[in-house]
2 protein chains.
Amino acid sequence: MSERLEAPRYATMRDVAALAGVGVKTVSRVLNDEPNVSDQLKERVNRAAAALNYELNVYAGGLRRSGARTNAIGLMLESVDNPFSAAIHRGVETVMRRHSIVVLAESFDEDPGRERTVVKDFLQRRVDGLILTTVSRDQAYLSAEAARGTSIVFVDRPAVSVAFDSVVSCNFDGALIATRHVLQHGHRRLAFIGGNQQVWTLRERRRGYLEELDRWNIECPPAHDVTGLLGEEEARLAAHAMLDAPEPPTAIFPTQNRLVVGVVRALHERGVQHRVAMVGFDDVELFDLLDPGVTVVAQNPHRLGELAAERLLARMAREPLELETLRVPTRLVKRGSGEIPGPHAADAVNIPRPMGKAGRPRNLSG
Amino acid sequence: MSERLEAPRYATMRDVAALAGVGVKTVSRVLNDEPNVSDQLKERVNRAAAALNYELNVYAGGLRRSGARTNAIGLMLESVDNPFSAAIHRGVETVMRRHSIVVLAESFDEDPGRERTVVKDFLQRRVDGLILTTVSRDQAYLSAEAARGTSIVFVDRPAVSVAFDSVVSCNFDGALIATRHVLQHGHRRLAFIGGNQQVWTLRERRRGYLEELDRWNIECPPAHDVTGLLGEEEARLAAHAMLDAPEPPTAIFPTQNRLVVGVVRALHERGVQHRVAMVGFDDVELFDLLDPGVTVVAQNPHRLGELAAERLLARMAREPLELETLRVPTRLVKRGSGEIPGPHAADAVNIPRPMGKAGRPRNLSG
DNA sequence: GGGTTCGCTGACACCGTTGCCAGACGCGGC
DNA sequence: GCCGCGTCTGGCAACGGTGTCAGCGAACCC
């Protein structure tokens, strides 16, 4: 018995060929279902392969042809255990599985440095394509990949300054509708709670929020416009702080799943969940069972993943497509927390719209 | 402009060597930080590599030495977007990242056929090790891998009939304590709600449940012992059916995250969440904010993943370890739903324990 | 001053597989 | 009987790297 074991020792085609008494190439033919092998040899080869427990080595085979595929793609996500990311992951996996392509998923934890590392990792493994969520302000570091012909699709957040397809949610529309929704319910002192300002989705959501406020000629004081929060706990504390201050908001708009949960917690801790309105961006399981139910702008991350995967496959197949940003609609899900009436509930919908290009507020939420 | 583009064309070491005017081996040395290269050549090579945007090909390099590592492991999970699986995934990733090992994660969706496919896929990619959650009754199909020296660790559910390490939760203990908990609160008509009976975790939880009932000399009628449920919706309907029947249970024990959510929904839909007690197996975000809070036996899936990863690394390093099943404790988290008093609440804790090996019920829940 | 060591460099074989090609064989047509 | 063709088979080179080793100066030690 050897003291220091070796790494797993796989049989090679040479071993199988020797055992079957045939040439290596014949083994290759049999195991790859190529034509022109007699049934007799086929049988011998299969028996030998089974006896040696042979498994094909996909990478060695892929080496031969320079344009060969590894049948793997890289997927970079914020974190594999964030439910939003996980749903994207599953959407991608579902599509890729149909094409026998495996998904290499890695978390980058909103760290631009890690983002580079992960991409490099993928490239060194010669993945056939990349689906990326990015936190970098600029993806110029990928332009060399573009030149090389690597297929890349961005998901959730679009590419900046490089020519790649993107698949994103309608963040602006969703935020605008959410904002209008609480305004129509009579709120005028709203608060915005958001994450990292570098992130495109946050900026879009904030833009939608501010644009609608602007239409109503309402300002959002700095104290009620908080961004840069890193997670549930920071959002919870920020909500508490706002509600402790004089002139607290009557409606809160937290704009990311973790932050919504944090704000919900704060409201419940203070027991004001029935008094202070809230619309969250991102749906979370069980939001419907809370009291009040949590009104949200729901995204469809699974669909984001599917679309990104399909787009990537099309790119990998070199289909002649225009560069495009695909948008997945968001939808307002009313459950109670966003329908709590505000101080101006009575006259809310009758207020003239000073900036209104479309006259009075229209119902976009369907 | 060519009409049909080719696959991404990576520069090779030969290209870099030619541009730098050095031998291929020298390029290899520079890019792998091997000693004995003059600063001058190092500089030239690095410049050439950058100019050509060269990326190492880890698989080609790994081919040379037969015992070479791919620095990748395979992780098979029920589904990457089940929060329980995702937490395991994250635990594994966290540990593996420290060793620059990438994680190939795939979902098997509780399908034994798919399980084989996924494992084969991993093997053909020559992963350095496997972390598997399994649904097969028997993992004999892996004994050849054991012989080959492939490192494998099972997570969440132990290996059957093959000699591999496992990392699991204390399912039996958790279920027993949960059952005792509701019995001590005066319930005598309990209901068990579970998933696939093939799955070890279910059987363990059911065993703990039945053992404690047995100690109290209580039977669980077939109508209240429902297994084989496939998801949230089936659990919801099962709970409704039970509560519609004569002699409904006064306490319910759903034994898996999806099923717990289904039962919670049913209770809320009927408005009986304050009358019918419930203890769930698996914690789910926001359970603490529901009314009543949902009492659960919480697992620690992130820890399961970390431990499995560490164990796998030790195996891959050929450390001389005994074959072992590592157990991660579960803990009872009391939030209200499990403390709803039952019909026998007054005398509950004073009931003699007919089968009690340890006399009267002891508080194991800490 | 000659032998030895050391630092540096590239040629070459080889890792496990597949593309390409040549050769052997059987068979039908003339 | 010879030729051409299709079927079946294996040898060989090549994929993109790395291990091994030999060669070449320069420095070092008696």
Side-chain angles (χ1 to χ4, degrees), chain A residues 6-46 48-49 52-71 123-128 148, chain B residues 6-46 48-49 52-71 123-128 148:
Chain A
E6 292 301 311
R9 197 157 270 297
Y10 285 85
T12 68
M13 275 198 182
R14 207 189 328 280
D15 302 329
V16 177
L19 182 59
V22 300
V24 183
K25 181 62 207 187
T26 300
V27 176
S28 171
R29 266 192 278 261
V30 173
L31 298 179
N32 289 287
D33 277 320
E34 285 175 30
N36 295 338
V37 183
S38 67
D39 289 347
Q40 191 203 353
L41 282 200
K42 227 179 259 185
E43 171 66 17
R44 287 233 303 274
V45 168
N46 281 325
L52 295 174
N53 220 266
Y54 176 76
E55 294 286 350
L56 269 175
N57 182 332
V58 299
Y59 296 121
L63 211 50
R64 185 61 181 84
R65 232 172 73 77
S66 70
R69 302 251 136 135
T70 51
N71 287 317
L123 295 176
Q124 296 192 345
R125 299 195 129 77
R126 295 296 190 268
V127 294
D128 297 332
R148 208 203 298 285
Chain B
E6 291 301 310
R9 198 157 268 298
Y10 285 85
T12 68
M13 273 199 183
R14 209 192 323 283
D15 302 329
V16 177
L19 182 59
V22 301
V24 183
K25 180 62 202 184
T26 300
V27 176
S28 170
R29 268 191 278 260
V30 172
L31 298 179
N32 289 287
D33 277 322
E34 285 175 31
N36 294 339
V37 182
S38 68
D39 289 347
Q40 191 202 353
L41 282 200
K42 226 178 262 185
E43 170 68 17
R44 286 232 304 272
V45 168
N46 281 325
L52 295 173
N53 220 265
Y54 176 76
E55 293 286 351
L56 269 175
N57 181 333
V58 300
Y59 297 120
L63 214 49
R64 184 62 179 84
R65 232 172 73 78
S66 69
R69 303 251 134 136
T70 50
N71 287 317
L123 294 176
Q124 296 192 345
R125 297 196 131 76
R126 295 295 190 271
V127 294
D128 298 332
R148 210 205 295 285

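Labels below follow one simple rule: chain letters A, B, ... track the order of the sequence lines, proteins then strands, and each chain is numbered from 1. Just so it is clear, the values below take in all heavy atoms, side chains as well, and ignore hydrogens, waters and symmetry mates.
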Hey, can you pull the donor-acceptor pairs under 3.5 Å for the side chains in residues 53-61 of chain B, sequence neighbours left out?
| from | atom 1 | to | atom 2 | distance (Å) |
| --- | --- | --- | --- | --- |
| B/N53 | OD1 | A/R148 | NH2 | 2.9 |
| B/E55 | OE1 | A/K120 | NZ | 3.4 |
| B/N57 | OD1 | B/Y59 | N | 3.0 |
| B/N57 | OD1 | B/A60 | N | 3.1 |
| B/Y59 | OH | A/Y59 | OH | 3.1 |
| B/Y59 | OH | A/R125 | NE | 3.3 |

Side-chain donor-acceptor distances from residues 14-35 of chain B under 3.5 Å, at least two apart:
| from | atom 1 | to | atom 2 | distance (Å) |
| --- | --- | --- | --- | --- |
| B/D15 | OD2 | B/T12 | N | 2.8 |
| B/D15 | OD2 | B/T12 | OG1 | 3.3 |
| B/N32 | ND2 | B/S28 | O | 2.8 |

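Of the residues in residues 12-24 of chain A, those lying under 4.0 Å from DNA chain D by heavy-atom distance are A/V22, A/G23.
Comparing the end axes of the helix from C/dG1-D/dC30 to C/dC30-D/dG1, each fitted to five base pairs by superposing C1' atoms of four pairs onto the next four, gives an inter-axis angle of 50° (nearest 10 degrees).
Between A/Y10 and the phosphate of C/dC15, there is no side-chain N or O to OP1/OP2 separation shorter than 4.0 Å. OP1 or OP2 of D/dT18 has at least one side-chain nitrogen or oxygen of B/N32 nearer than 4.0 Å. Between A/S28 and C/dT17, a side-chain N or O to OP1/OP2 separation shorter than 4.0 Å is absent.
Between A/L41 and A/R44, the closest side-chain pair of non-hydrogen atoms falls below 4.5 Å.
Here D/dC15 presents its C1' atom at 12 Å from CZ of B/R9, a figure rounded to the nearest Å. A/Y59 has its OH atom 19 Å from the C1' atom of D/dT18, to the nearest Å. A/Y54 places its OH atom 7 Å from the C1' atom of C/dT17, with the value rounded to the nearest Å. As rounded to whole Å, 12 Å separates atom C1' of C/dG7 from atom NZ of B/K42. In this structure, the CZ atom of B/R126 is 9 Å from the C1' atom of C/dG16, given to the nearest Å. Protein atom CZ of B/R69 is 18 Å distant from nucleotide atom P of D/dT18, rounded to whole Å. If you take CZ of A/R44 and C1' of D/dC8, they are 13 Å apart, rounded to a whole angstrom. The CG-C1' distance, from A/D39 to D/dT9, rounds to 15 Å in whole Å.
Atom CZ of B/R126 is separated from atom CD of B/Q124 by 7.5 Å, given to the nearest 0.5 angstrom.
Among the nucleotides D/dG17, C/dG10, C/dG16, the one closest to the side chain of B/L63 is C/dG16. The side chain of B/S38 lies closest to C/dT9 when the candidates are C/dT9, D/dT18, D/dT9.
Nearest-nucleotide assignment on DNA chain D puts the 5′-proximal partner with A/Q40, out of A/A60 and A/Q40. Along DNA chain C, the nucleotide closest to B/V27 and the one closest to A/G61 are compared, and the more 5′ of them pairs with B/V27.
Checked against side chain to side chain donor-acceptor pair (under 3.5 Å), A/N71 has no partners two or more places apart in sequence or in another chain.
The nearest pair of heavy atoms linking A/L63 to B/L63 is CD2-CD2, 3.3 Å.
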Any protein N or O atoms within reach of nucleotides 19-25 of chain C? Criterion: under 3.5 Å, listing atom names and distances.
| from | atom 1 | to | atom 2 | distance (Å) |
| --- | --- | --- | --- | --- |
| C/dG19 | N7 | A/K25 | NZ | 3.0 |

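Within 4.0 Å of A/V58, counting heavy atoms only, lies no atom of the nucleic acid at all. Residue A/N57 is in sugar-phosphate contact alone, with no base atom involved, counting any heavy-atom pair closer than 4.0 Å across all strands shown.
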Problem - A/D39/A/K42 under side-chain contact (heavy atoms from CB on, under 4.5 Å): CA gap, chis, key distance, verdict - result: CA-CA 5 Å; A/D39 289 347; A/K42 227 179 259 185; 4.1 Å; yes
